[in-house]
Amino acid sequence: MSSILNYLEKIGDALLSFNFLSDFLDILLVAFIIYEGIKLIRGSRTFQLIKGIVVLGVVYALVKLFNMEACEYLLSVLFENGLIILVVLFSPELRNILEKFGRRSFSNISFFGLRNSDTFEKVITSTVNDFCKSAGDLSDSKTGALVVFEKDAPLQEIIKTGTILDAQSSPELFNGLFFKNSALHDGAVVVRDGRIYAAGCILPLTQNNTIDSELGTRHRAAIGMSEHSDAVVVIVSEETGSISVAVNGVLTRDVTRGKLREMLLDELVPQSDNASGKEKFLKKFSKQKDGDKKNED
């Protein structure tokens with residue numbers, strides 16, 4: 001009983017000593033740093049390295065628990081120099097993070113996923129319109145295309161496999177990149193923050209053996225990319241000219257140009273605050289059901 005009273009007393013002291021302004025800002029800043037850090041490393045090689053470090057930490061705890069002196073000595077040496085090792089391992093990622101923050105203007109800083117919604121929506125809508133016009137042209141000419149629209153999960157590992165362009169979007173640029181004699185037409189184009197960021201990128205193929213056997217490499221790469229990230233991937237078939245969209249491992253085939261624009265804006269532009277929770281749920285459920293039905297067909 002006394003231990004419980006002591007525990008409650010400590011909680012009371014902590015609450016009484018809580019400085020709302022400084023402590024609240026301190027907690028908010030730490031949460032923001034952790035959130036941005038997870039968002040930056042998710043979907044990249046860094047995330048796999050961190051999982052390995054966590055496993056190593058669990059092994060070290062078990063080694064200490066069972067008093068395995070030889071292993072404990074080796075692991076303790078490793079953890080004592082952990083900071084240096086982390087800097088060496090994550091130096092490319094740290095450089096990318098600093099460059100990313102350095103390129104941002106104050107008006108475009110994202111705080112827990114919140115952006116300057118008006119500016120962001122205009123840029124994304126313009127890019128989606130450009131691409132939909134291009135997708136129509138590519139479909140009519142039966143020119144194969146593969147475009148990845150990056151969302152929250154950074155696709156730095158995918159971008160590294162291609163050529164960085166960081167160019168303003170236009171229908172002509174999309175068409176030119178997938179022109180059959182273009183040097184970059186075989187790979188995927190990555191669109192980041194409304195800009196054509198990279199081209200000629202290599203995507204991971206899906207390991208799902210239940211998908212339609214008539215689907216080619218582009219479609220399998222699109223499904224694989226959508227399985228490994230939250231990106232939206234659009235494919236134009238070289239054989240039929242049909243347009244397909246892959247989201248969360250689900251492929252929606254034979255999408256019309258109007259439907260393509262609607263799907264891209266729904267996935268890429270933040271939902272309006274005026275929409276009720278019920279409306280958002282029904283819209284998401286309807287979209288998922290439609291995608292499942294397309295896959296079954």
Side-chain angles (χ1 to χ4, degrees), residues 39-48 90-105 108 110 115 120 123-135 137-138 143-206 217-236 238 243-247 260 264 267-269:
K39 194 168 74 169
L40 285 167
I41 66 175
R42 190 177 59 178
S44 68
R45 184 176 62 92
T46 309
F47 194 65
Q48 304 300 322
F90 299 138
S91 58
E93 285 77 14
L94 291 172
R95 185 170 61 250
N96 288 333
I97 290 171
L98 292 174
E99 288 177 352
K100 184 173 182 178
F101 278 108
R103 287 195 299 266
R104 289 184 178 182
S105 64
N108 292 326
S110 169
R115 308 176 190 231
F120 181 73
V123 171
I124 296 300
T125 302
S126 175
T127 301
V128 168
N129 290 336
D130 290 342
F131 174 69
C132 289
K133 184 178 185 307
S134 171
D137 296 338
L138 295 169
T143 302
L146 184 57
V147 179
V148 181
F149 289 86
E150 183 186 70
K151 291 179 68 178
D152 292 330
L155 304 177
Q156 199 59 38
E157 296 300 313
I158 300 300
I159 289 170
K160 286 179 182 177
T161 65
T163 302
I164 294 179
L165 303 176
D166 196 12
Q168 185 175 345
S169 71
S170 69
E172 294 76 19
L173 182 53
F174 278 115
N175 290 343
L177 288 171
F178 292 111
F179 181 64
K180 292 182 179 180
N181 292 330
S182 168
L184 301 174
H185 81 281
D186 276 336
V189 166
V190 175
V191 176
R192 168 181 283 179
D193 294 333
R195 294 179 65 83
I196 300 177
Y197 194 78
C201 299
I202 300 173
L203 307 185
L205 298 179
T206 181
T217 305
R218 280 195 181 91
H219 291 81
R220 294 176 183 274
I223 296 172
M225 186 73 261
S226 69
E227 290 172 340
H228 286 81
S229 72
D230 61 351
V232 182
V233 191
V234 182
I235 317 97
V236 178
E238 191 172 0
I243 301 172
S244 303
V245 181
V247 181
L260 173 63
L264 289 176
E267 290 288 341
L268 301 175
V269 177

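Atom set for the values below is all heavy atoms of this structure, side chains included, hydrogens, waters and symmetry mates excluded.
For Glu238, the salt bridge (charged side-chain N to carboxylate O under 4.0 Å, His left out) test picks out Arg218, with sequence neighbours left out. Considering only residues two or more places apart in sequence or on other chains, Asp137 meets the salt bridge (charged side-chain N to carboxylate O under 4.0 Å, His left out) condition with Lys133. Looking at residues two or more places apart in sequence or on another chain, you find no ring-ring contact (aromatic ring centres under 6.0 Å, His included) involving Phe178.
With values rounded to the nearest 0.5 angstrom, Tyr197 atom OH is found 11.5 Å from Leu155 atom CG. Annotation: the span from Asp193 atom CG to Phe149 atom CZ amounts to 12.5 Å, rounded to 0.5 Å. Within the model, atoms NE2 of His228 and OG1 of Thr206 stand 8.0 Å from one another, a figure rounded to the nearest 0.5 Å. Annotation: the span from Leu177 atom CG to Leu165 atom CG amounts to 6.0 Å, rounded to 0.5 Å. Rounding to the nearest 0.5 angstrom, the gap separating the CZ atom in Arg220 from the CG atom in Leu203 is 14.5 Å. Of the inter-residue distances, the one linking Gln156 atom CD with Arg192 atom CZ reads 5.0 Å to the nearest 0.5 angstrom.
Here the closest non-hydrogen pair linking Val148 and Ala231 is CG1-CB, 3.7 Å. Smallest separation of non-hydrogen atoms from Gly176 and Ser182: O-CB, 3.5 Å. Summarising the geometry of Gly162 relative to Cys201, their closest heavy-atom pair is CA-SG, 3.9 Å, with the distance given to 0.1 Å. For the residue pair Ala246 and Ile235, the shortest heavy atom distance occurs at N-CD1, 4.5 Å. When every heavy atom of Arg195 is checked against every heavy atom of Asp166, the shortest pair comes out as NH2-O, 2.6 Å. The two residues Lys151 and Asp230 have their closest heavy-atom pair at CD-O, 2.9 Å.
Looking at Ser170 and Ile196, their side chains never come closer than 4.5 Å, going by heavy atoms from C-beta outward. Counting only heavy atoms from C-beta outward, the side chains of Val236 and Thr143 never approach each other to under 4.5 Å. Two residues are said to be in side-chain contact when any heavy atoms from C-beta on lie closer than 4.5 Å; Leu268 and Val191 fail this criterion.
No donor-acceptor pair under 3.5 Å is formed between the side chain of Ser126 and the backbone N or O of Val123. Thr161 places a side-chain N or O within 3.5 Å of a backbone atom of Ile202 that can act as its donor or acceptor partner.
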